[in-house]
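One structure is given here, and the rest of the page talks about it.
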Amino acid sequence: MDQLTARELRDKIAAGQISSAQVTEAIFDLIEQRDTNIGAYISTMRESALAQAADVDKRIAAGQPVGTLAGVPIAIKDNMCTKGHATTCASKILQNFVPPYDACVVEKLKAADAVIVGKCNLDEFAMGSSTENSGLKQTRNPWNTNCVPGGSSGGSAAAVAAELCYAALGSDTGGSIRQPAGFCGVVGLKPTYGRVSRYGLVAYGSSLDQIGPITNNVTDAALMLNVIAGHDERDSTSISEETAALSDYLADIDKPLENLKIGVAKEFWQVEGLHNDVEQAVRAALKTYEQLGAQLVDVSLPHLEYAIATYYLIATAEASSNLARYDGVHYGHRTAEPKDYIDVYNSSRAEGFGEEVKRRIMLGTYALSSGYYDAYYLKALKVRNLIRQDFNQAFERVDCLMCPVSPEPAFEIGSKVNDPLTMYLSDIYTIAVNLAGIPGISIPCGFSENNLPIGLQIISGNFSEDKLLRIARMYEQQTDWHQRKPSF
Ligand code: GLN
């Protein structure tokens, strides 16, 4: 089946040519057929989705105005709160947690009349690169079900690739939107830190976390960003109202950028383990841009090699603090027969958290402990600044940077689970972007010999998503990678 884009679907629904109820039913049929094998969803919301769809259809029939995403089925990563519907973070500790409120992004989707289909699988608390750290289920890559979908937003990316929704939300702390999008052959956008409110996003690394769209194409990413971006007084790191007011990402999306200067850092090609198929596909994409009139400029990011070490100090430090709230008292899992009140904490946490989460809490607690704080945490903050400066210097000379999303295509399920360090290294191209707070997008740019998708990453300066999306769209207009779909 050839799926419409989210934008086309919305227009057809709004014009009364298709009913949202029909489209939503079709999505649930596909979920039933395909998701036992793919495992993209932790839970679905059939009843409320059909009610939302019916409401949109009714309003359209009555000639009333409808929102930007009227009737379009959307999926949400299960670390964003949905009022009255379980939000698990793929963790046993939150398995029975039902939030009494919606995350800001969920409110915005509802206000835009989107139909919310369900909650997608992830690595527990968004900690991972393959969705194998989920405490609840396995997700498989729709292109090859022996392979991982990437992570941590693996469920969201797999749902979009397998046509089990028209667009999804993910969160990205070190690459968790862009890398799974790359592995599944779809588009993933991590906006500038602060562009999208984190209110109601379960915190992992608060100074790095950012919500963004996973879609079938660049135009739909712009459409989704239009809906979810903006100031929110409930998130103190959210952008100001003035900055928020300036942007309509769809307005100029089809306008190519003239005199485009693309920075290519020599460090990008020196990454250990860079797969030949990935390098070839990215170099070919750069050629396509040159044919479109862009100029390639050599730049340098001398501190890139420290990005992973820096990230794993800062992210784990923040995680150890953020995850202290799961104590068996306030919410989530509580151990059945505690010996005493200390044991409520100890056993609830021991039973509720998975291996990787425990590893990170210990790493972070260590990095923050007195005597080590200066040597590790404070040092990491200083290196973070140097990485930020590297990018700023590059953006004085170029409009954007281009590089792979990940050193290799999707890997086999189980092949890296016993070696966390190798797993951590697979984020080398995405992690520095979060440390700098800048936006990055992953778009499909080819396939490996084994027919697995390859992603091109485009990175630009703070608050330049409009430009970033236009640059990405230039490539998409010239190529058809984004139109290829896995077969079922
Ligand atoms: N893979 C990285 C990690 O394990 C990034 C995860 C993310 O972006 N949430 O932390």
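Both ligands and their constituent atoms are indexed starting at 1 by order of listing.
With a 6.0 Å cutoff to the six-membered ring centre and a 45° limit on the axis angle, R484 does not count as a cation-pi contact of W143. K416 forms a cation-pi arrangement with F411, by the criterion of a distance under 6.0 Å to the ring centre and an angle within 45° of the ring axis.
Within the 4.0 Å heavy-atom shell around ligand 1 one does not find A315. A heavy-atom separation below 4.0 Å is not found between Y424 and ligand 1. Residue contacts with ligand 1 leave out E356, since none of its heavy atoms falls under 4.0 Å from the ligand.
In terms of N/O distances under 3.5 Å, ligand 1 is not approached by G151. Taking only nitrogen or oxygen atoms, main chain and side chain alike, G128 reaches within less than 3.5 Å of ligand 1. For ligand 1, the polar-atom distance check finds an N/O of S129 within less than 3.5 Å of one of the ligand's N/O atoms.
Judged purely by distance below 3.5 Å, without hydrogens or angles, the side chains of N121 and D78 never pair a donor atom with an acceptor atom.
Near S152, meaning under 4.0 Å from one of its heavy atoms, ligand 1 places the atoms 9 (N). Heavy-atom proximity to G174, at under 4.0 Å, picks out these atoms of ligand 1: 5 (C), 7 (C), 8 (O).
Looking at A126 against ligand 1, both its backbone and its side chain come within 4.0 Å, counting heavy atoms. Counting heavy atoms under 4.0 Å from ligand 1, residue R178 does not touch it at all. At a 4.0 Å heavy-atom cut-off, ligand 1 touches Y312 through the side chain alone.
Side-chain contact between S152 and M127 is absent, with no heavy atoms from C-beta onward closer than 4.5 Å. Under the 4.5 Å side-chain criterion, counting only non-hydrogen atoms from C-beta, V398 is not in contact with I262.
Using cut-offs of 30° and 60° for the angle between ring planes, the F391 and F395 rings count as parallel.
Protein heavy atom closest to atom 7 (C) of ligand 1, with residue, atom name and distance, is S176 OG, 2.4 Å. Looking only at protein heavy atoms, the nearest one to atom 1 (N) of ligand 1 is D427 OD2, 2.6 Å. What sits closest to atom 5 (C) of ligand 1 on the protein, heavy atoms only, is Y311 OH, 3.3 Å.
At most 12 heavy atoms of other shown residues, nucleotides or ligands fall within 6.0 angstrom of atom NZ in K83.
The pair E356-R359 meets the salt-bridge criterion, since a charged nitrogen lies less than 4.0 angstrom from a carboxylate oxygen.
The shortest non-hydrogen separation linking P409 to V278 is CD-CG2, 3.8 Å.
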